[in-house]
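Below you'll find the structure, written out as structure tokens, and then a few comments.
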Amino acid sequence: MVEGVIKGRRYTPRVMEGNQDHSAWMRGLGGRFVVFDGPDGSGKSTQFHRFATAVRSAGVVVEETREPGGTSIGERIRDILLDPIHEEMGLRCEMMLYMASRAQLVEQKIRPSLDRGELVLADRYVSSTLAYQGAAGGLPRDEIMAVAKAACRDAWPDLVVIFDVDERTAAGRLNPLLDRMEQKGAEFHAKVRAGYLDQARADPDGYVVVDASADPDTVFQSMLDRVRERLG
Ligand code: TYD
């Protein structure tokens, strides 16, 4: 049981959302690996920060990662990947750069955190590569998975939470200064979305889909319910 001490008195942290106390199940998240993923403009990063804050309030140590990036090597790979000047980048190069960033992240952050019994909360992971370079870009799933196994080894998520949103709502949420991936257009992004939904359908134990078209509070509540059902 995680406890704090205020003015000499012991207390157990409580995380209230709506009328529910979420602290007990959240304390069981130590040592688990959860990925938040979804199309550009799905609002996943807002939910990600809110969830990380809530779980920390329950007394769990949380390692947050973001992709591409999250390490100093990964941030340099990110600059190459997202710079609109690199429009000639081939799909295989692109996929392998995402994976190279991820391999470094696994080695430097994810694996050590899991070994210490922390919750690893990842903003994007292999599911992004399957959606963007696979379903939308056209690379075969088997190729991506072969590289993913080499890059991630046994660092495989306990749960992937997909924030699903229609393209029109997603486009309205994006900063008008689009990066190289965001510039790829409506048809590409429709395939990205379908790619996420297909992954979730093919692996119902490993994925949950949250309707992210509503307001942030509603999305947060339904995400908490889904995650609790699976990991609580
Ligand atoms: P970023 O600005 O981090 O977007 P977000 O806040 O939506 O995560 O940009 C990451 C971009 O890289 C995003 O458009 C998705 C894309 N991406 C891939 O195409 N493949 C991948 O494997 C990953 C991790 C990201």
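Whatever order the structure lists ligands and atoms in, that order sets their numbers, starting from 1.
- Using modelled atom types, one side-chain atom of Ser23 and one backbone atom of Val15 make a donor-acceptor pair closer than 3.5 Å.
- No part of Met95 comes within 4.0 Å of ligand 1, judged by heavy-atom distances.
- For Ala131, the side chain to side chain contact (heavy atoms under 4.5 Å, CB included) test picks out Val192, Tyr196, Gln199, with sequence neighbours left out.
- The nearest heavy-atom contact from the protein to atom 8 (O) of ligand 1 is Arg124 NE, 2.7 Å.
- Using cut-offs of 30° and 60° on the angle between ring planes, the pair Tyr132 and Phe188 is tilted.
- Residue contact check: Thr129 has heavy atoms under 4.0 Å from atoms 21 (C), 22 (O) of ligand 1.
- The closest protein non-hydrogen atom to atom 18 (C) of ligand 1 is Tyr98 CZ, 3.2 Å.
- In terms of modelled atom types and a separation under 3.5 Å, the side chain of Arg102 and the main chain of Tyr125 share a donor-acceptor contact.
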For a side chain to side chain contact (heavy atoms under 4.5 Å, CB included) check, start with the C-alpha distance between Lys191 and Lys184, then their side-chain angles and the critical distance, and finish with the verdict.
CA-CA 11 Å; Lys191 288 185 190 163; Lys184 287 185 181 268; over 6 Å; no

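- Each of the following atoms of ligand 1 lies closer than 4.0 Å to a heavy atom of Glu67: 3 (O), 24 (C).
- Between the side chain of Arg230 and the backbone N or O of Asp205 there is at least one donor-acceptor pair closer than 3.5 Å.
- With a heavy-atom cut-off of 4.0 Å, Asp179 touches ligand 1 through its side chain alone.
- Neither side chain, Asp166 nor Ser213, offers a donor N or O lying under 3.5 Å from an acceptor on the other.
- Atoms of ligand 1 found under 4.0 Å from any heavy atom of Met181 (numbered from 1 in listed order, with element): 12 (O), 14 (O), 16 (C), 19 (O).
- Tyr98 and Leu91 fall within the same hydrophobic cluster, where Ile, Leu, Val, Met, Phe, Trp and Tyr residues are linked whenever their side-chain heavy atoms come under 4.5 Å apart, directly or through other members.
- Distances shorter than 4.0 angstrom occur between a heavy atom of Lys44 and an atom of ligand 1.
- From the protein, the heavy atom lying nearest to atom 20 (N) of ligand 1 is Gln133 OE1, 2.9 Å.
- When the options Glu94, Arg66, Arg78 are ranked by their closest heavy atom to atom 1 (P) of ligand 1, first place goes to Arg78.
- Summary of contacts: the protein heavy atom closest to atom 6 (O) of ligand 1 is Ser45 OG, 3.8 Å.
- Those atoms of ligand 1 that come under 4.0 Å of a heavy atom in Leu82, given as number and element, are 9 (O), 11 (C), 12 (O).
- The only option from Arg173, Glu167, His189 that meets the side-chain contact (heavy atoms from CB on, under 4.5 Å) definition with Asp40 turns out to be His189.
- Scanning the protein for heavy atoms near atom 10 (C) of ligand 1, the closest one is Pro68 CD, 3.8 Å.
- Considering only non-hydrogen protein atoms, atom 4 (O) of ligand 1 sits nearest to Asp40 OD1, 4.0 Å.
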